[in-house]
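The basis for the numbers below is simple: all heavy atoms, side chains too, and nothing from hydrogens, waters or symmetry mates.
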Amino acid sequence: MLDELQRLVDNPVESLEVELKSSLDLKDDRQRASLARHIAALANHGGGVVVFGFNDDFSPCDPSTVLPLDRDTVSSIVKKYLEPAFQCDVRLVRSGRGQDHSVIVVPPHGAAPICAKAGGPEDRGKAIGIVKGSYYIRKVGPSSEAISSATEWAPLIRRCTIHDRQALFAALHGALAPTQPPQEDKATLWHEATQQAALNAVSGLGEKSPYRTGWKQFTYVITPEGHLPESSFLRLLAEVNNEVHDRVNTGWSMFFPFGAPGGEYWQTDAASGEGEGDFIECSLGKDPKMLGRDFWRISPSGKASLLREYWEDSSFHQEKGIPSGSLFDVDLFAQNVAEIVRHAQAVGARIEHAESVSFICEVTGLAGRRGGTYRGYVRSFGAVAQADRRKVSASFPLAALVDDWPEVVERLATPIARIFQAEQLTTAKAIRANAERWLRF
């Protein structure tokens with residue numbers, strides 16, 4: 001969390017999870033009520049932060065105008081205006097410019113959503129800042145506003161339901177299976193075993209290896225684990241592939257079941273964490289005639305991982321004057337992340353009692369590449385990558401993949417886009433704007 005807050009004060013950006021403020025005079029009841037509204041909305045969104053010390057244009061404020069903030073003050077505001085009661089954390093984070101910023105870390109709501117139990121001071125009979133009895137959420141803008149329609153209740157109710165289910169399953173899990181490894185460990189085992197198998201498959205190709213300039217790997221693990229029927233698993237993958245096209249259509253789908261000799265096959269791997277359980281594997285790295293040189297694995301238990309070469313290094317791009325190893329297409333990467341998120345959503349919907357999904361996105365071969373996009377021409381911008389490798393891990397409720405998928409994609413893609421100073425392409429707002437274009441192959 002501290003690393004994320006450090007990056008935020010060094011490169012401020014406002015989103016549904018982040019509210020930036022210049023300063024608040026918390027002796028003023030109107031401003032205390034306004035802060036309570038933002039805290040309630042962030043909690044009902046699933047958690048977030050309020051960062052102080054920035055102007056509307058994201059530039060740092062004059063430090064002399066920023067008033068100090070402490071946990072007791074924030075706790076008193078929450079206690080006065082909101083219920084059920086909960087505790088926020090308050091941290092002081094120093095930016096790379098040497099300026100201190102107060103940050104309120106707001107936890108997600110629990111089994112019940114956060115409600116305003118008191119209104120702000122009145123002006124001509126109207127409450128200012130927060131209205132008693134209202135439920136606030138984060139809306140595009142971003143802004144913190146009261147729920148105004150039935151559809152806006154759906155994701156909040158779903159998260160409340162998932163919270164109750166998670167508490168129940170956690171209690172049963174602790175009683176019945178206390179020796180199971182954490183979900184993150186399962187995802188890491190699956191991710192690393194797939195990566196090693198992919199590299200082993202092309203180890204004899206040398207300079208002809210499709211992964212010689214690096215690769216991109218996308219992994220998800222659904223929990224609790226399911227057991228989809230092996231006899232119909234390939235048919236299920238075909239159904240999922242068709243469903244994914246309602247969000248992303250590249251013409252070369254992830255985990256596409258060829259259904260022909262030389263395509264996918266059943267495999268086992270003790271290193272994968274699946275024990276003796278088998279899964280589908282597809283290895284296309286040795287065939288230079290293939291449009292894509294993917295290596296992927298997907299298990300009936302709800303685990304999937306795909307390793308893909310840089311499409312930016314293809315002969316097509318080189319014919320367009322783009323040297324191999326020179327471009328990282330940030331928009332394409334966000335599109336890839338959106339596809340893996342949609343795939344996990346579709347598979348998770350078929351697993352009974354599925355609650356959450358852990359993702360790992362890893363990219364190698366970054367050093368020396370410049371961020372950009374290619375849409376018939378190259379648009380380059382930002383920095384040249386210095387780091388050669390970056391891995392991002394995060395877990396989300398399965399419901400978030402339905403209603404808040406742009407925010408999920410933002411969380412997974414932005415740390416890598418940041419390497420190229422291209423975070424503007426991976427905000428939830430930008431992803432929503434690009435979603436229609438991603439459907440056109």
Practice problem: Establish, yes or no, whether the cationic atom of R411 lies under 6.0 Å from the six-membered ring centre of F359 and within 45° of the ring axis. | Solution: no
Practice problem: Take E309 and R293 through the test salt bridge (Lys or Arg N to Asp or Glu O under 4.0 Å) and record every step on the way to the result. | Solution: CA-CA 6 Å; E309 82 279 20; R293 311 284 290 279; 6.0 Å; no
Quiz prompt | Criterion side chain to side chain donor-acceptor pair (under 3.5 Å) on H245 and S253, from CA distance to verdict | solution = CA-CA 9 Å; H245 289 167; S253 300; 3.0 Å; yes
Quiz item: Nearest 0.5 Å, what's the CD1-CD1 distance between I130 and I77?
Solution: 10.5 Å
Self-check item: Full working for salt bridge (Lys or Arg N to Asp or Glu O under 4.0 Å) between E14 and K429
Solution: CA-CA 10 Å; E14 203 164 40; K429 182 178 180 180; over 6 Å; no
Practice problem: Check whether any side-chain heavy atom of V50 lies under 4.5 Å from a side-chain heavy atom of K21, and answer yes or no. | Solution: yes
Quiz item: Under 3.5 Å, is there a donor-acceptor pair between the H191 and K391 side chains?
Solution: no
Quiz item: Taking everything shown except D56 itself, do over 12 heavy atoms lie less than 6.0 Å from its CG?
Solution: no
Quiz item: Any side-chain heavy-atom pair from H101 and F54 closer than 4.5 angstrom?
Solution: yes
Exercise. To the nearest 0.5 angstrom, please state how far the CD atom of Q217 sits from the CZ atom of R308.
Key: 12.0 Å
Quiz item: Taking atom CD of E281 and atom OG1 of T194, what is their separation to the nearest 0.5 Å?
Solution: 8.0 Å
Exercise. Classify the side-chain pair R32/S76 by whether it contains a donor and acceptor separated by less than 3.5 Å.
Key: yes
Quiz item: Quick one: do the S148 and K139 side chains pair a donor with an acceptor below 3.5 Å?
Solution: yes
Self-check item: Within-4.5 Å side-chain heavy-atom neighbours: M254 and L306
Solution: yes
Quiz prompt | From CA spacing to verdict: salt bridge (Lys or Arg N to Asp or Glu O under 4.0 Å), E243, R350 | solution = CA-CA 12 Å; E243 292 177 15; R350 290 165 166 80; 2.5 Å; yes
Quiz item: Do R418 and D10 sit within salt-bridge range, that is, some charged N less than 4.0 Å from a carboxylate O?
Solution: no
Quiz item: Within a strict 4.5 Å, meaning less than it, do heavy atoms of the R342 and V248 side chains meet?
Solution: no
Practice problem: Report yes if the side chains of V106 and F86 come closer than 4.5 Å at any heavy-atom pair, otherwise no. | Solution: yes
Quiz item: Taking side chain as C-beta onward, heavy atoms only, is Q87 less than 4.5 Å from P107?
Solution: no
Quiz item: Does some side-chain heavy atom of E355 sit less than 4.5 Å from a side-chain heavy atom of L398?
Solution: no
Quiz prompt | Distance in Å, N434 CG paired with R432 CZ, rounded so as to fall on 0.5 Å steps | solution = 12.5 Å
Quiz item: Which distance, rounded to the nearest 0.5 Å, do you find between the CD of Q345 and the CZ of F396?
Solution: 13.5 Å
Quiz item: Is there a donor in the side chain of E274 and an acceptor in the side chain of S299, or the other way round, less than 3.5 Å apart?
Solution: yes
Quiz prompt | Donor + acceptor pair across side chains of E19, S144 (<3.5 Å) | solution = no
Quiz prompt | Exercise: do T426 and T414 side chains pair donor with acceptor under 3.5 Å | solution = yes
Quiz item: Does E225 pair with K303 as a salt bridge, N-O distance under 4.0 Å?
Solution: yes
Practice problem: Mind checking the SG-CZ spacing from C361 to F333? Nearest 0.5 Å is all I need. | Solution: 5.0 Å
